[in-house]
Asker: 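Take this structure first; my questions come after.
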Amino acid sequence: MYKDDWAEWHAGHERRRASPHGMLAITGMHWLEERPQRFDDVPGSWSVTADGVSVTLREGESLTVGDFEISGTHAFGKVDEEGVIAAFGDAIAEIARRGSGVVLRPRHPSSQKLISYEGTPTFPPHERWLVPARFVPFAAPREVTLSTVVDGYTDADEALGHVEFTLDGVPMKLIVFPGAPGAMTTLFTDATSGVTTYPASRRLPVPRPAADGTLTLDFNRATNLPCAYTEFATCSLAPPENRLPVAIEAGEQTPR
């Protein structure tokens with residue numbers, strides 16, 4: 001039963017990863033400047049100033065934002081990390097803030113990375129990796145600066161506390177961050193990192209704890225970051241405190 005549930009979950013995760021406008025569909029990562037720039041994989045001439053992002057479209061070019069088709073010059077205004085999506089043909093462009101900059105990432109269903117994707121190998125799921133844990137919150141959330149896969153770019157996240165657990169008799173803990181609504185998430189490396197798993201970090205969902213702080217970590221659900229599949233990602237990496245000294249032979253392995 002557990003293995004069936006896990007297989008259904010991982011199949012859904014793979015479908016989302018390989019969706020027509022998912023991370024595998026990204027064809028470029030363009031950092032916008034005050035000087036207008038054109039790119040091969042998206043219509044328009046793009047720039048960013050203190051007032052926000054704008055695009056100037058040539059005759060015959062258009063973008064759709066929500067229900068509105070735009071042409072000529074359009075001001076998106078200031079964008080946040082969630083960003084704005086503009087569609088063109090069967091593709092989309094994501095415009096989002098990253099640190100002090102703004103990035104433009106077109107996503108094309110015809111991306112070679114997406115077309116050639118054959119799935120991600122995993123360790124066989126095993127209930128040994130369902131690990132009892134306890135969430136210990138900080139007195140107040142703490143801002144943590146995280147390294148990223150982009151040289152010179154760091155990210156700030158709000159650490160909520162630790163999850164504490166024991167593996168093979170060794171006490172361990174991981175810093176956790178806000179995740180899906182009602183849950184948390186964490187990033188970690190372990191003794192498999194760079195051997196059988198992606199070296200930079202893996203992500204692990206952390207469920208909502210019970211009233212007494214108890215919860216179960218399911219390391220079978222450790223997944224790769226988008227940067228394991230594309231160079232057009234800005235993934236945050238595990239903080240130094242989240243480097244586990246044991247081999248977590250569970251979850252996703254290095255992509256093919």
Asker: Would you kindly confirm whether V79 and V103 end up in one hydrophobic cluster when ILVMFWY residues are joined by side chain heavy atoms under 4.5 Å apart?
Answerer: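 Different clusters.
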Asker: Does K113 NZ have over 12 foreign heavy atoms under 6.0 Å away?
Answerer: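 Counting other residues, nucleotides and ligands, NZ of K113 exceeds 12 neighbours.
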Asker: The criterion is ring-ring contact (aromatic ring centres under 6.0 Å, His included); which residues satisfy it with F76, sequence neighbours excluded?
Answerer: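 Here the qualifying residues are W46, H74.
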Asker: Mark yes or no for whether R134, through its side chain, and D212, through its backbone, hold a donor-acceptor pair below 3.5 Å.
Answerer: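 Judged by distance alone, yes, a pair lies under 3.5 Å.
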Asker: Go through the steps to decide whether E61 and V55 satisfy the test side chain to side chain contact (heavy atoms under 4.5 Å, CB included), and finish with yes or no.
Answerer: CA-CA 11 Å; E61 292 182 332; V55 62; over 6 Å; no
Asker: With rounding to the nearest 0.5 Å, note down the distance linking OG1 in T64 to CD1 in I92.
Answerer: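 Answer rounded to 0.5 Å: 12.0 Å.
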Asker: Is there a side chain to side chain donor-acceptor pair (under 3.5 Å) between T189 and S201? Walk through the geometry before answering.
Answerer: CA-CA 5 Å; T189 60; S201 293; 6.0 Å; no
Asker: Checking the side chain of R221 only, and the main-chain atoms of P205 only, is there a donor and an acceptor separated by less than 3.5 Å?
Answerer: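 It does not hold such a pair.
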Asker: Provide the closest heavy-atom pair for L204 versus A222 in the form atom of the first, atom of the second, distance.
Answerer: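 Heavy atoms of L204 and A222 come nearest at CD1-N, 3.9 Å.
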Asker: Within a reach of under 6.0 Å around CZ of R38, are more than 12 heavy atoms found that belong to other residues, nucleotides or ligands?
Answerer: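 Count over threshold, so yes.
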Asker: Consider only side-chain N and O atoms of T223 and R17, and report whether a donor and an acceptor are under 3.5 Å apart.
Answerer: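 Not at all, the side chains of T223 and R17 share no donor-acceptor pair under 3.5 Å.
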Asker: Quick one: does N242's side chain have a donor or acceptor within less than 3.5 Å of a partner on I175's backbone?
Answerer: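 The answer is yes, because a donor-acceptor pair under 3.5 Å joins these two groups.
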Asker: With distance as the sole criterion, is a donor-acceptor pair present between the side chains of D157 and S236 under 3.5 Å?
Answerer: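 There is no such pair between these side chains.
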Asker: Just so I know, are the side chains of L167 and I248 near enough to count as touching, which here means a heavy-atom distance under 4.5 Å?
Answerer: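 In short, these two side chains touch, coming nearer than 4.5 Å.
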Asker: Nearest 0.5 Å please: distance from the CZ atom of R203 over to the CG atom of L237.
Answerer: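 Atom-to-atom, R203:CZ and L237:CG are 10.0 Å apart.
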Asker: Can you tell me how far apart CG (L24) and OG (S19) are? Round to the nearest 0.5 Å.
Answerer: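 Going from the CG atom of L24 to the OG atom of S19 covers 8.0 Å.
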Asker: State which residues pass ring-ring contact (aromatic ring centres under 6.0 Å, His included) with F39; sequence neighbours excluded, sorted by chain then number.
Answerer: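 In terms of ring-ring contact (aromatic ring centres under 6.0 Å, His included), with neighbours along the sequence ignored, F39 is linked to H30.
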Asker: Please give me the minimum heavy-atom distance between W129 and E249, naming the atom from each residue.
Answerer: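 Reported closest heavy-atom pair: NE1-O, 3.4 Å.
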Asker: Let me confirm one number: the CH2-CD distance from W9 to E14, rounded to the nearest 0.5 Å.
Answerer: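 It is 9.0 Å, given to the nearest 0.5 Å.
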Asker: Determine yes or no for a side-chain-to-main-chain donor-acceptor pair under 3.5 angstrom, with T197 supplying the side chain and T192 the backbone.
Answerer: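 Indeed, once roles are kept as given, a pair shorter than 3.5 Å links the two residues.
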Asker: Determine whether E94 and R107 satisfy the following criterion, salt bridge (charged side-chain N to carboxylate O under 4.0 Å, His left out), listing intermediate values before the conclusion.
Answerer: CA-CA 8 Å; E94 168 200 12; R107 302 182 182 217; 2.8 Å; yes
Asker: What are the two closest non-hydrogen atoms of P109 and L114, and how far apart are they?
Answerer: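 Scanning both residues completely, I find the closest heavy atoms to be O-CD2, 3.6 Å.
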Asker: In the single-linkage hydrophobic clustering (I, L, V, M, F, W, Y; side-chain heavy atoms under 4.5 Å), do L146 and V176 co-cluster?
Answerer: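 In one cluster with L146: V176, no.
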Asker: Which ring pair (Phe, Tyr, Trp, His ring centres under 6.0 Å) pairs, counting each pair once, include a residue from residues 233-256, with sequence neighbours left out?
Answerer: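 Output for this query is empty, none listed.
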Asker: Can you hop from V131 to L174 via hydrophobic side chains spaced under 4.5 Å?
Answerer: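 Yes, because V131 and L174 connect within a single hydrophobic cluster, where side-chain heavy atoms sit under 4.5 Å apart.
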Asker: Evaluate the side-chain proximity of M29 to T230: yes if any heavy-atom separation is below 4.5 Å, no if none is.
Answerer: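 With C-beta onward as the side chain, the pair stays apart.
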Asker: Considering only residues two or more places apart or on different chains, which pairs with a residue in residues 231-256 satisfy ring pair (Phe, Tyr, Trp, His ring centres under 6.0 Å)?
Answerer: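 Qualifying pairs, neighbours excluded: none.
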Asker: Which distance, rounded to the nearest 0.5 Å, do you find between the OG1 of T122 and the CD of Q253?
Answerer: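 Atom-to-atom, T122:OG1 and Q253:CD are 6.5 Å apart.
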Asker: Dump the intermediate steps for side chain to side chain contact (heavy atoms under 4.5 Å, CB included) on D218 and L130, then the final yes or no.
Answerer: CA-CA 5 Å; D218 185 354; L130 298 173; 3.2 Å; yes
Asker: Check step by step if side chain to side chain contact (heavy atoms under 4.5 Å, CB included) holds for L187 and R202.
Answerer: CA-CA 6 Å; L187 297 161; R202 288 188 288 166; over 6 Å; no
Asker: Would you mind reporting whether P36 and T56 have side-chain heavy atoms less than 4.5 Å apart?
Answerer: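 Result no, sub-4.5 Å side-chain heavy-atom pair not found.
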Asker: Verify the neighbour count for atom CD of Q112: are there more than 12 heavy atoms of other residues, nucleotides or ligands below 6.0 Å?
Answerer: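 More than 12 heavy atoms, drawn from other residues, nucleotides or ligands, come within 6.0 Å of this atom.
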Asker: Determine, stepwise, if the pair T148 / T234 fulfils side chain to side chain contact (heavy atoms under 4.5 Å, CB included).
Answerer: CA-CA 6 Å; T148 74; T234 60; 5.6 Å; no
Asker: Kindly give the heavy-atom pair with the smallest separation between L104 and A93, and that separation in Å.
Answerer: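 That would be CD1-CB, 3.9 Å.
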Asker: Verify the cluster assignment for V42 and V65: are they in a single hydrophobic cluster under the rule of side-chain heavy atoms below 4.5 Å apart?
Answerer: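 Yes, it is one cluster - the side chains of V42 and V65 are joined through contacts under 4.5 Å.
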Asker: Applying ring pair (Phe, Tyr, Trp, His ring centres under 6.0 Å) as the test, list every pair that has at least one member in residues 159-198; sequence neighbours left out.
Answerer: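 Pairs touching residues 159-198 that pass the test: F138-H162, F165-F219, F188-F219.
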Asker: So, do M23 and Y229 sit near enough that their side-chain heavy atoms are less than 4.5 Å apart?
Answerer: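 They are not in side-chain contact.
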Asker: Any side-chain heavy-atom pair from K173 and V136 closer than 4.5 angstrom?
Answerer: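 Answer no - side chains too far apart.
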Asker: Using the test ring-ring contact (aromatic ring centres under 6.0 Å, His included), find all partners of H126 that sit at least two apart in sequence or belong to another chain.
Answerer: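 Result, ring-ring contact (aromatic ring centres under 6.0 Å, His included) vs H126: none returned.
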Asker: Which heavy-atom pair separates A233 from V150 by the least distance, and what is that distance?
Answerer: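 That would be O-CG2, 3.7 Å.
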Asker: Ignoring hydrogens, what is the shortest heavy-atom contact between F88 and D41? Give both atom names and the distance.
Answerer: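 Answer, listing the atom of F88 first, then D41: CZ-O, 3.5 Å.
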Asker: Is W6 reaching over with its side chain to a backbone N or O of N220, donor-acceptor style, under 3.5 angstrom?
Answerer: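 Pair found, side chain donor or acceptor close to backbone of N220.
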Asker: With the 4.5 Å side-chain cut-off for hydrophobic clustering, are V163 and V144 part of the same group?
Answerer: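 V163 and V144: separate clusters.
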Asker: Does the side chain of P43 come within less than 4.5 Å of L63's, by heavy atoms?
Answerer: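 Yes, side chains in contact.
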Asker: Within the side chain of R97, is there an N or O that forms a donor-acceptor pair under 3.5 Å with the backbone of S100?
Answerer: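 Flag set: sc R97 to bb S100 pair under 3.5 Å.
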Asker: Establish, from distance only, whether the side-chain atoms of S47 and S54 form a donor-acceptor pair under 3.5 Å.
Answerer: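 The criterion, which ignores hydrogens and geometry beyond distance, is satisfied for S54 and S47.
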Asker: With a 4.5 Å cut-off on side-chain heavy atoms, are L215 and L217 touching?
Answerer: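 Yes, at least one pair of side-chain atoms sits under 4.5 Å.
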Asker: Are any of the side-chain heavy atoms of L160 and P178 separated by less than 4.5 Å?
Answerer: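 With C-beta onward as the side chain, the pair touches.
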Asker: Determine yes or no for a side-chain-to-main-chain donor-acceptor pair under 3.5 angstrom, with S193 supplying the side chain and D190 the backbone.
Answerer: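 It does hold such a pair.
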Asker: For R98 and Y153, does a side-chain donor sit closer than 3.5 Å to a side-chain acceptor?
Answerer: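 Judged by distance alone, the side chains do not pair up.
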Asker: If you draw a 6.0 Å radius around CG in D80, do more than 12 non-hydrogen atoms from other residues or ligands fall strictly inside?
Answerer: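 Correct, the count exceeds 12.
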Asker: Could you state the interatomic distance from NZ (K78) to CG (D51), rounded to the nearest 0.5 Å?
Answerer: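 If I round to the nearest 0.5 Å, the distance is 7.0 Å.
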